[in-house]
Amino acid sequence: MYPAERQAAILAGVRDGDGLIVGELSSRLGVTPETIRRDLAALERRGLVRRHHGGAVLTERAPFEPNLARRREGEHVERAAVARVVAEHLPEDGVVILDSGSMTLEVASLIPAGHRLLVVTNSLPIAALLAGRPHLTVLSLPGAVRTVTQATVGPWTVERLSEINADLVVIGANGVGQGPGATTTTPEEAEVKRAMLRAGDRSILAVTAAKFETTSFHRAARLDEFDLIVTDDGLSPLLATRLTEAGNELVLAATTPTA
């Protein structure tokens, strides 16, 4: 089992309010107690369980792929902090590709008023948000619209991206790990992210710290394929060190105002 599959099995195998016992989960899933503890730690970072000695308590049941509205419910401060840093890296003039998702929607809302950009996106909410901005030109990518993410995917989306040259690409992810890299929920979403990366001269992975050490179903890109990783200052110092030692350029966005 991949970590995401194990964690989904942990959540699916219990009812709301039931206790999770490390030993029982270890036997049921055929993995070591240490692996279960890592899974519970990852689920706790996502706000799905609350750990205690010997196990954890389920706090809520989350769908495998929450819709866009639900994704926007949590991590307001962290997402806003990351988006502000990403917005500072946007060119004043040029072509920018914005991936779909709650993070990139936040970035789109922070594009400075004076910037003259051609914004390419597969996100219908981003296209709608930016359509009325007089200094921006918005290109909405064609494709099949996914109800959950309100994003276009598929061969038409990928084909159009293959014809585009962009100055900067901003990508989000459902989970991030040093091994699996940036991951997402479906092969179709992953394929679009990869096509976006191929189309850009520079790329930014924009994710909150809670996404790290939690992997989703399908790999989208290795971490070394991104020119810059922007996350919030909730990232553990140990993981930050590992990322920079691996050669990743990392920026931690401050979630509290500096004096």
Side-chain angles (χ1 to χ4, degrees), residues 1-8 10-11 31 34-51 56 59-60 62 64-66 70-86 89 99-107 169-186 189-190 193-194 197 203-256:
M1 274 185 158
Y2 290 104
E5 295 173 306
R6 265 197 324 273
Q7 291 159 23
I10 289 171
L11 294 174
V31 294
E34 290 74 18
T35 298
I36 293 298
R37 291 190 186 96
R38 286 195 296 270
D39 287 333
L40 291 178
L43 291 170
E44 186 176 49
R45 285 194 297 272
R46 293 164 58 191
L48 304 180
V49 303
R50 184 175 68 256
R51 285 189 295 169
T59 56
E60 72 171 287
F64 171 71
E65 186 178 22
R70 179 155 187 175
R71 292 181 192 186
R72 298 185 69 190
E73 288 176 359
E75 300 182 311
H76 299 288
V77 173
E78 294 85 355
R79 189 167 57 246
V82 173
R84 283 194 297 271
V85 172
V86 174
H89 285 79
D99 185 21
S100 64
S102 57
M103 175 60 75
T104 46
L105 182 58
E106 188 87 24
V107 172
V169 179
V170 181
I171 300 287
N174 295 79
V176 183
Q178 277 192 283
T183 59
T184 189
T185 51
T186 71
E189 294 269 7
K193 292 178 191 291
R194 287 195 294 270
L197 285 172
S203 59
I204 296 176
L205 174 63
V207 289
T208 55
K211 296 293 193 300
F212 282 85
E213 296 188 309
T214 299
T215 54
S216 191
F217 177 67
H218 205 283
R219 171 189 274 182
R222 302 185 313 272
L223 294 187
D224 62 8
E225 294 182 76
F226 295 95
D227 296 291
L228 178 65
I229 299 172
V230 181
T231 189
D232 64 82
D233 56 10
L235 189 70
S236 74
L238 178 59
L239 185 51
T241 299
R242 287 176 179 171
L243 289 168
T244 54
E245 287 180 346
N248 302 116
E249 185 176 349
L250 179 67
V251 173
L252 300 182
T255 53
T256 55

Measure the CG-CD distance between N248 and E225 for me, rounded to the nearest 0.5 Å.
11.5 Å

Can D233 and T255 be counted as having a side-chain donor-acceptor contact under 3.5 angstrom?
yes

Specify the closest pair of heavy atoms between A253 and A81, including all atoms of both residues, with the distance to one decimal.
CB-O, 3.3 Å

Value rounded to 0.5 Å, distance of CD1 in I171 from CZ in R194:
11.0 Å

Which value, rounded to the nearest 0.5 Å, describes the distance between L235 atom CG and L252 atom CG?
6.0 Å

With distance as the sole test, does T184 use its side chain to make a donor-acceptor pair with the main-chain N or O of A190 at under 3.5 Å?
no

Which heavy atom of M103 sits nearest to which heavy atom of A206, and what is that distance?
CG-O, 3.4 Å

Would you sort out whether L250 and T231 count as a side-chain contact (heavy atoms from CB on, under 4.5 Å), showing the intermediate values?
CA-CA 8 Å; L250 179 67; T231 189; 4.1 Å; yes

Write down the atom of A83, the atom of E106, and the distance for their closest heavy-atom approach.
CB-CG, 3.3 Å

Rounded to the nearest 0.5 Å, what's the gap from CZ on R222 to CG on L205? Could you check?
13.5 Å

Just do the side-chain contact (heavy atoms from CB on, under 4.5 Å) check on I229 and V176 with the steps written out, would you?
CA-CA 11 Å; I229 299 172; V176 183; over 6 Å; no

Could you measure the distance from the CD atom of E78 to the NZ atom of K211? Nearest 0.5 Å is fine.
9.5 Å

Check against side-chain contact (heavy atoms from CB on, under 4.5 Å), L243 and Q178
CA-CA 7 Å; L243 289 168; Q178 277 192 283; 3.8 Å; yes

Quick check for you: to the nearest 0.5 Å, what is the distance between H89 atom NE2 and I204 atom CD1?
5.5 Å

Under 3.5 Å, side chain of D232 to main-chain N/O of A209, donor-acceptor pair present?
yes

D227 (side chain) donor-acceptor with S203 (main chain) under 3.5 angstrom:
yes

So, for G172 and T104, which heavy atoms are closest and what is the spacing to 0.1 Å?
N-CG2, 4.4 Å

Any idea which heavy atoms bring P180 and T183 closest together, and the distance?
CB-CG2, 4.0 Å

Verdict with reasoning, F212 to V207, per side-chain contact (heavy atoms from CB on, under 4.5 Å):
CA-CA 8 Å; F212 282 85; V207 289; 3.5 Å; yes

Quick check: closest heavy atoms across V251 and V85, and the distance to 0.1 Å?
CG1-CG1, 3.8 Å

